Amino acid sequence: MTGALNALTAPIFGHGPTRAHFGDGAIAEAMLRVEVALAQAQASLGFVPNAAAAEISALKLPGSVVEDLTIGVAQAGVPVPALLSALRNQLSDETGDFFHFGATSQDIVDTAFCLCAQAALDDLADLLTDLVDLLHDLSQTHDKTLMLARTRGQLATPITFGLRAAQWAQPLVSAESDLSELRAGALRIQLGCASGSRSAFGGSGDDVARAMAAQLNLSDGPPWHTDRSGVQKLSAWLMQVVSAIGKIGRDVSIATRGEIAELRLAQGGASSTMPHKSNPVLAEMLQSLVPVATGYQAGLAASAVHLEERDGANWPVEWLLMPLLFETAGAALDHGIALLQGLEVDATSMRDRVGSEPAVHAEAAVFALAETMGRGKATRIVKDALASGQPLRQALAVHGAVDWDSVLSDAPYITAASKVADEIFAKRQVLGRELR
């Protein structure tokens, strides 16, 4: 999984804490946890002697486990037979008969990956909370900082920078609110036995699965050997986070351009040949992560079609791509936090640009005149006023009994922008901060 990361790529695409949750040792430990939970659940229902469950619960991973699993996957295509072989010598012959009783390799691997994803998702949720907190603070600080919106790359109407920050946060607030449902739908116990029918447990398979789910803090439900919708939900959530933060990077890259200069990054990147340059490195990194994450998600989508009752070809693709997508999301969150912590807002430049572009008030003037003469005529009058060379307020003064000081004021734009920004964050306030 980490082979592609080196000195050039790791600072951009890597995220060590997230990667650690899917490392060789973490996967092996998670599989052992699943085997222990299986034995304990079966013991509670009388399938396995309590003494055997206690002996299985005391198992320790051998130091050679990574090498054992590597060899085992090369031979069997899955790691579980090698794991069982490496652990059985710690068990008595009698207990060995009850080890891994009734389960199949996919039960162990899928559940283990859910445990790894659970731990990684908890860490990402903390980073997401920190990032949205920063955006909320930024939005509130600049709720009256007027700037020009841009639509399709062109100057539009006045908004506030507080609204832009809130718009950056909007998909991330949604991602926060989706966490509980995501955990319930994607982090599920897998226990289907050989062919997904739980036949090894007679009529008690649901009880065993329910007991395992409770021990491992996973959702309960029917087996999902070929239903990879949970994997798809998880990958879509991770992609949503990466792309939302990538949008922040793209906007910041534009706003820090010399001819715009409404934003600055406290620590830009130096040029090898131009001393005056300060490159928006973090903003560029956030954009670089998006096509990489898109590739991982596309691969996961392509691998979601599993053959018949269990598949051995597309299934391992998830083992490679899901950890990489998780790591990309971790990198995006870390870089996004660092970018916002070093973001400098030039409120004066923003306001000056609004003042230098009287045409941006044209829409408000049209709406004011349209109340008495219709929109078509109002539009023609405003266009003529803009072409007259006079200040807009003076050119429009002869048209209608309109309070032009109020209509052409910045106050309505600030009020409207603040209202929308508040609505974006209100969803988060209703949910509260406890997202787990």
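Treat the numbers as computed from the prediction; the structure is a model and nothing was measured. The basis for the numbers below is simple: all heavy atoms, side chains too, and nothing from hydrogens, waters or symmetry mates.
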Under the side-chain contact (heavy atoms from CB on, under 4.5 Å) criterion, do Met147 and Val345 qualify, and how do the steps go? CA-CA 11 Å; Met147 66 174 291; Val345 179; over 6 Å; no
State, with a plain yes or no, whether a side-chain heavy atom of Tyr413 is found less than 4.5 Å away from one of Thr160. no
Are any non-hydrogen side-chain atoms of Leu83 and Asp68 less than 4.5 angstrom apart? no
Answer yes or no: is there a side-chain heavy-atom contact under 4.5 Å between Val208 and Leu38? yes
How long is the straight-line distance from CG of Leu148 back to CD of Gln154, given to the nearest 0.5 Å? 12.0 Å
Would you please test Met212 and Val34 for side-chain contact (heavy atoms from CB on, under 4.5 Å) and show each step? CA-CA 8 Å; Met212 287 181 67; Val34 178; 3.9 Å; yes
Is Leu84 close to Glu35 at the side-chain level, that is, under 4.5 Å between some pair of heavy atoms? yes
Find out whether Phe13 and Ser288 are in side-chain contact, i.e. whether some heavy atom of one side chain is under 4.5 Å from a heavy atom of the other. yes
Mind telling me whether Phe425 and His136 have parallel, tilted or perpendicular rings, with 30° and 60° as the class edges? parallel
Look only at the side chain of Trp237 and the backbone of Ala175, and say whether a donor-acceptor pair between them is shorter than 3.5 Å. yes
Got a second to check how far His335's NE2 is from Leu131's CG, nearest 0.5 Å? 12.5 Å
Which word best sums up how the rings of Trp319 and Phe113 line up, parallel for under 30°, tilted for 30 to 60°, or perpendicular for over 60°? parallel
Evaluate the side-chain proximity of Glu309 to His225: yes if any heavy-atom separation is below 4.5 Å, no if none is. no
Counting only heavy atoms not in Glu181, do more than 12 sit closer than 6.0 Å to its CD atom? no
In terms of heavy-atom contacts, does CD of Glu357 have more than 12 from other residues, nucleotides or ligands at under 6.0 Å? yes
Answer yes or no: is there a side-chain heavy-atom contact under 4.5 Å between Leu135 and Ile248? yes
Asp107/Arg310 salt bridge by N-O under 4.0 Å criterion: no
Please indicate whether Arg88 has more than 12 foreign heavy atoms, meaning atoms of other residues, nucleotides or ligands, lying under 6.0 Å from its CZ. yes
Going by heavy atoms in the side chains, are Met322 and Leu238 under 4.5 Å from each other? yes
Please determine whether salt bridge (Lys or Arg N to Asp or Glu O under 4.0 Å) holds for the pair Arg33 and Glu29, giving the CA-CA distance in whole Å, both sets of side-chain angles, and the decisive distance to 0.1 Å. CA-CA 6 Å; Arg33 283 181 62 196; Glu29 187 63 43; over 6 Å; no
Just verifying a value: how many Å separate Leu325 CG and Glu318 CD, rounded to the nearest 0.5 Å? 12.0 Å
